[in-house]
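The structure under discussion appears below in the form of structure tokens.
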Amino acid sequence: MRLEKCWFCSSTVYPGHGIQFVRNDAKIFRFCRSKCHKNFKMKRNPRKVKWTKAYRRLRGKDMTQDSTFEFERKRNRPERYDRNLTENTLKAIKKIDKVRIVREERHHEKRMKDKKAKENREAVKELEQSISLVKAPTALQHDPSLTLPIKVKVSQQQPEKTVAMME
């Protein structure tokens, strides 16, 4: 069973699925679904369409260089069947898959680390600017532990006006 790659989005095309387009120069293009085929006919560049693997690799969202990708390449050289070689290859495929998954997770965590720090900085800045919306101004006066290290101006009511209104 041969698993092909979609020309447009690089996802796997299983036997009996997808569309195959043969150009006049005998170049074969395989597509996983009609979405990819239509984008190809509209002459869209996969590197500029956000949901494709090419876009994600170009923008650094997916790993681009790793030794585990070497095993995914298609090889057309026939090999003589050897039971031990086949058994060792299947074991190696499982190990390589685990290594690839761990490396992808590490890459993702490294990318997200900066994002979390940025979100925290933005949240602190927003809180500093509008602390009076979170806590009532009188509560901030009575309990100084509620305030941030930066001083916030709290407006005070004048007691003379309230006394005058009651009379």
> Can you tell if the side chain of Glu4 reaches within under 4.5 Å of the side chain of Arg2, non-hydrogen atoms only?
Replying inline: yes
>> Can you list everything that forms a side chain to side chain donor-acceptor pair (under 3.5 Å) with Asp97? Sequence neighbours excluded, please.
In response: Arg100
> What is the distance from atom CD1 of Ile93 to atom CG of Asn88, rounded to the nearest 0.5 Å?
Replying inline: 11.0 Å
> For the residue pair Phe29 and Phe40, does the interplanar ring angle fall in the parallel (under 30°), tilted (30 to 60°) or perpendicular (over 60°) class?
Replying inline: tilted
>> Check for me, please, whether Phe8 and Phe21 land in the same ILVMFWY cluster - side-chain distances under 4.5 Å, paths through other members count.
In response: yes
> From Glu126 CD over to Glu122 CD, what is the distance, rounded to the nearest 0.5 angstrom?
Replying inline: 9.5 Å
> Can you name the closest pair of heavy atoms from Ser11 and Cys32 and give their distance?
Replying inline: OG-SG, 3.3 Å
> Given a cutoff of under 4.5 Å between side-chain heavy atoms of I, L, V, M, F, W and Y, with clusters grown through shared members, what are the other residues clustered with Val22?
Replying inline: Ile28
> Do you know the tightest heavy-atom contact between Trp51 and Arg33?
Replying inline: CZ3-NH2, 3.6 Å
>> Is any side-chain heavy atom of Met112 closer than 4.5 Å to one of His108?
In response: yes
> Of all heavy-atom pairs between Cys9 and Lys53, which one has the smallest distance, and what is that distance?
Replying inline: O-CG, 3.3 Å
>> Between Glu128 and Val124, is there a side-chain heavy-atom distance shorter than 4.5 Å?
In response: yes
> Under 3.5 Å, side chain of Thr12 to main-chain N/O of Lys5, donor-acceptor pair present?
Replying inline: no
>> Once rounded to the nearest 0.5 Å, what's the spacing between atom CG of Asn120 and atom NZ of Lys125?
In response: 14.5 Å
>> Rounded to the nearest 0.5 Å, what separates atom CG in Asp114 from atom NZ in Lys118?
In response: 10.0 Å
>> Going by salt bridge (charged side-chain N to carboxylate O under 4.0 Å, His left out), name the pairs with one or both residues in residues 14-27, residues two or more places apart or in two chains.
In response: Arg23-Asp25
> Aromatic rings Trp7 and Phe31: how do their planes relate, parallel, tilted or perpendicular, breaks at 30° and 60°?
Replying inline: perpendicular
> Got a sec: does the CZ of Arg83 have more than 12 other heavy atoms crowding it under 6.0 Å?
Replying inline: no
>> For the NZ atom of Lys116 and the CZ atom of Arg111, what is their distance to the nearest 0.5 Å?
In response: 12.0 Å
> Roughly how far, to the nearest 0.5 Å, is the CZ atom of Arg103 from the CD1 atom of Ile96?
Replying inline: 10.0 Å
> Where do Ile19 and His37 come nearest, in terms of heavy atoms and distance?
Replying inline: CD1-ND1, 3.8 Å
>> Is any side-chain heavy atom of Asn39 closer than 4.5 Å to one of Lys35?
In response: yes
> Taking C-beta and beyond as the side chain, do Val99 and Lys95 meet within less than 4.5 Å on heavy atoms?
Replying inline: no
> Can you name the closest pair of heavy atoms from Arg56 and Lys50 and give their distance?
Replying inline: CG-O, 4.2 Å
> Taking it one step at a time, do Lys91 and Glu87 satisfy salt bridge (Lys or Arg N to Asp or Glu O under 4.0 Å)?
Replying inline: CA-CA 6 Å; Lys91 287 179 184 176; Glu87 187 177 313; 3.7 Å; yes
